[in-house]
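Note sheet for the following structure.
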Amino acid sequence: MDSLVITGGRPLKGRIRISGAKNAALPLMCAALLSEEPLRLANVPDLADIQTMSRLLMALGVTVNKEKVASAHTLTVNAKTLDEVVAPYELVRKMRASILVLGPLLARCGVGKISLPGGCAIGNRPINLHLTGFEAMGAKITLEEGYVEAKAPRGGLKGAEIKFPSVSVGATENLIMAASLAKGRTVLKNAAREPEIADLAVCLNAMGANITGAGSAEVTIEGVASLGGANHPVMPDRIETGSYAIAALITGGTLTLEGARADLLGDVLPAFEKTGGTIEEVEGGLLVHNGQGRPKPLTITTQPFPGFATDMQAQFMALLALGRGISEITETIFENRYMHVPELRRMGADIEVVGSKATIRGVDHLIGAPVMATDLRASMCLVLAALAAEGETTLSRVYHLDRGYEHLETKLGQVGAAIERVVAKG
Ligand code: UD1
């Protein structure tokens with residue numbers, strides 16, 4: 001397994017191009033299953049999760065063509081022939097977002113079967129909200145030998161009014177896709193409002209769907225008989241943006257994040273400002289700098305968008321570990337999302353976790369150490385801590401980072417970080 005060796009203490013300066021959003025690209029790729037015509041997606045990041053989704057789609061009989069266009073990739077997903085409706089365990093276990101093929105398969109083929117998903121080890125992540133939504137549209141769900149099968153009624157899925165008991169990004173996306181080809185109107189209430197959902201709806205509407213309200217808590221989908229192809233650029237990655245903004249702040253540097261958008265950051269934006277960081281909108285992106293030295297302490301509670309993103313919690317903890325006082329973080333979205341804490345402690349951080357609440361007593365420096373990545377965002381937290389720490393940090397299990405951060409060591413190296421990948425032998 002590869003590792004990263006990082007020598008900390010260098011202020012980062014320069015420009016980083018923000019990639020297309022992984023969490024937007026994955027559902028967009030699944031949307032292609034709804035049409036016999038090709039969907040051309042521009043600005044797709046080159047990531048392990050995208051390759052896993054490509055393999056999953058190919059296992060269903062879909063063709064996926066990748067071309068390099070400037071510094072990004074364009075994927076053309078063509079689901080003209082769909083000759084398989086089973087998403088196998090070997091692929092699904094690698095990535096929880098695989099569940100997003102189920103809604104489109106059910107809508108287009110009347111049946112879909114998927115192994116129960118895997119993904120990051122951040123607590124129990126059920127799929128009940130997806131399944132009860134499909135049931136409300138008339139589907140029959142059966143569970144057998146680790147696989148979930150969903151079958152549409154004769155005549156296809158029917159529009160329904162579905163009120164989610166709690167907010168789920170994936171369930172909102174899956175149901176929007178399924179409802180696009182259902183008979184009649186579907187109204188989703190208490191829907192997730194993440195910008196990736198609005199991006200998905202823009203693409204589906206370009207394919208001929210009739211969706212209004214995506215990005216708000218109530219989404220209305222008027223089903224149509226069929227969808228066509230489209231060209232769609234994937235939105236910029238707001239979590240990558242936030243992560244590199246912290247890289248600037250934690251190292252006392254200045255970074256221009258090309259292609260980044262402040263309007264995608266929700267409550268993460270004011271949180272940066274409260275720590276003393278400055279984020280300015282400049283032409284073509286965001287300029288991030290830290291004129292204040294150690295960050296001011298913060299109290300953060302993770303919430304669905306536009307609240308503070310759970311996917312930025314670990315990275316903020318690295319910053320606050322060096323804060324000028326006591327910070328508090330409460331994680332409300334996922335249980336078991338503090339796996340970075342013991343690793344940060346090994347670097348000298350003073351953090352105590354009780355239930356869902358972490359208390360972070362800022363220290364004036366962190367010290368490099370051998371640490372282990374445990375999930376995607378926890379890994380980035382450790383990279384950020386290492387960039388600020390005195391001495392050398394070796395981060396193992398880098399494959400977690402490869403799932404979600406495109407060309408991480410190249411991007412950080414170009415702005416002055418001392419970061420090197422050690423490729424495992426054999
Ligand atoms: C998506 C993001 C992930 C992010 C998360 C929350 C993608 C590919 N991934 O994940 O990076 O951390 O949103 O912003 O976009 N839940 C249920 N039943 C369900 C579905 C979810 O109880 O059927 C629970 C989950 O266990 C979790 C919460 O709802 O506690 C939110 O999960 P959800 O919004 O569905 O996350 P994902 O779509 O999996």
Does one side chain, of His340 or Gln313, offer a donor that lies under 3.5 Å from an acceptor on the other? yes
Minimum-distance pair of heavy atoms, taken over all atoms of Ile197 and Ala214: O-CB, 4.1 Å
Consider only side-chain N and O atoms of Glu328 and Thr299, and report whether a donor and an acceptor are under 3.5 Å apart. no
Quick check: do Glu196 and Met235 have side-chain heavy atoms less than 4.5 Å from each other? yes
Run Thr310 and Glu331 through side-chain hydrogen bond (donor to acceptor under 3.5 Å, both in side chains) and show every step you take. CA-CA 7 Å; Thr310 174; Glu331 172 59 61; 3.0 Å; yes
Just so I know, are the side chains of His130 and Leu175 near enough to count as touching, which here means a heavy-atom distance under 4.5 Å? no
Please check if the number of heavy atoms outside Glu67 that lie under 6.0 Å from its CD is greater than 12. yes
Could you please spell out the steps behind the side-chain contact (heavy atoms from CB on, under 4.5 Å) verdict for Ile127 and Arg96? CA-CA 10 Å; Ile127 56 167; Arg96 193 189 143 75; 4.0 Å; yes
Evaluation steps, side-chain contact (heavy atoms from CB on, under 4.5 Å), between Val383 and Tyr405: CA-CA 11 Å; Val383 168; Tyr405 288 93; over 6 Å; no
Do Asp375 and His400 have side-chain N/O donor and acceptor atoms under 3.5 Å apart? no
If I take atom CD1 from residue Ile141 and atom CG from residue Leu131, how far apart are they, to the nearest 0.5 angstrom? 5.0 Å
Are any of the side-chain heavy atoms of Leu56 and Val101 separated by less than 4.5 Å? yes
Could you tell me if the side chain of Leu116 sits less than 4.5 Å from the side chain of Tyr147, heavy atoms only? no
How about Phe272 and Phe316: are their ring centres within less than 6.0 Å of each other? yes
Rounded distance [0.5 Å steps], CG in Asn174 versus CG in Leu129: 11.0 Å
Report yes if the side chains of Ile50 and Leu47 come closer than 4.5 Å at any heavy-atom pair, otherwise no. yes
Taking all heavy atoms of Ala385 and all of Ala318, pick out the closest pair and write down the distance. N-CB, 4.1 Å
Exam field: side chain Arg294 to backbone Gly323, donor-acceptor pair closer than 3.5 Å: yes
Thr220-Arg185 side chain donor-acceptor pair, cut-off 3.5 Å: no
Would you find a donor on one side and an acceptor on the other, under 3.5 Å apart, between the side chain of Asp199 and the backbone of Ala24? no
Quick one, Leu265 and Leu286 - any side-chain contact, counting heavy atoms below 4.5 Å? yes
Partner of Leu320 under side chain to side chain contact (heavy atoms under 4.5 Å, CB included), picked from Ile329, Ile250, Ile326, is Ile329
I'd like to know if the side chain of Ser54 and the backbone of Val64 have a donor-acceptor N/O pair within less than 3.5 Å. no
In terms of heavy-atom contacts, Leu26 and Asp49 come closest through CD2-O, 3.6 Å
Residues Leu395 and Ser379: closest non-hydrogen pair is CD2-O, 4.0 Å
Quick check: does any side chain N or O of Asp2 sit under 3.5 Å from a backbone N or O of Val398, one acting as donor and the other as acceptor? no
Determine, step by step, whether Thr359 and Glu352 satisfy the side-chain hydrogen bond (donor to acceptor under 3.5 Å, both in side chains) criterion, reporting the C-alpha distance in whole Å, the side-chain angles of both residues, the deciding distance to 0.1 Å, and the verdict. CA-CA 5 Å; Thr359 305; Glu352 189 191 356; 5.1 Å; no
Would Asp402 and Arg421 satisfy salt bridge (charged side-chain N to carboxylate O under 4.0 Å, His left out), going step by step from the backbone distance to the final call? CA-CA 12 Å; Asp402 295 336; Arg421 180 181 289 248; 2.8 Å; yes
Side chain of Glu194, backbone of Phe305: donor and acceptor closer than 3.5 Å? yes
Pairwise distance CG(Leu382) to CZ(Arg377) - rounded to 0.5 angstrom: 13.5 Å
Is it the case that the side chain of Arg345 and the backbone of Asp350 share a donor-acceptor pair, with hydrogens and angles ignored and the cut-off at 3.5 Å? no
Test side-chain contact (heavy atoms from CB on, under 4.5 Å) applied to Ile16 and Val415, step by step: CA-CA 8 Å; Ile16 292 180; Val415 293; 3.7 Å; yes
Find the distance between CD (Glu161) and CE (Met137) and round it off to the nearest 0.5 Å. 12.5 Å
Phe164, CZ: over 12 other non-hydrogen atoms inside 6.0 angstrom: yes
Give me the one residue out of Lys411, Arg403, Lys66 that meets salt bridge (charged side-chain N to carboxylate O under 4.0 Å, His left out) with Asp46. Lys66
What's the spacing between Leu408 CG and Glu240 CD if we round to 0.5 Å? 8.5 Å
About how many Å separate CG of Leu102 and CE of Met177, when rounded to the nearest 0.5 Å? 9.5 Å
Taking Ser35 for the side chain and Leu227 for the main chain, is one N or O donor matched with an acceptor at less than 3.5 Å? yes
Considering residues, nucleotides and ligands other than Lys13, do more than 12 of their heavy atoms fall under 6.0 Å from its NZ? yes
Test Leu387 against Leu412 for side-chain contact (heavy atoms from CB on, under 4.5 Å), laying out the working first. CA-CA 10 Å; Leu387 291 171; Leu412 285 173; 4.2 Å; yes
Is it true that Glu343 and Thr374 share a donor-acceptor pair across their side chains at a distance under 3.5 Å? no
Quick check: does any side chain N or O of Ser180 sit under 3.5 Å from a backbone N or O of Ile176, one acting as donor and the other as acceptor? yes
Is there a side-chain contact between Leu319 and Leu249 (heavy atoms, below 4.5 Å)? yes
Closer than 4.0 angstrom, basic N to acidic O: yes or no for Lys113 and Glu144? no
In terms of heavy-atom contacts, Ala358 and Tyr338 come closest through N-OH, 3.8 Å
Glu37 bridged to Lys80 by N-O distance under 4.0 Å: no
Check step by step if salt bridge (charged side-chain N to carboxylate O under 4.0 Å, His left out) holds for Glu406 and Arg17. CA-CA 10 Å; Glu406 187 178 40; Arg17 191 189 74 83; 3.7 Å; yes
Do Gln414 and Arg15 come within less than 4.5 Å of each other through their side chains, counting heavy atoms only? no
Any donor-acceptor pair under 3.5 Å linking the side chain of Gln315 with the backbone of Asp311? yes
Could you check whether any side-chain N or O of Glu149 sits under 3.5 Å from a backbone N or O of Leu143, counting only pairs where one atom can act as donor and the other as acceptor? no
Which pair of non-hydrogen atoms, one from Ala230 and one from Met207, has the smallest distance, and what is that distance? CB-CG, 3.7 Å
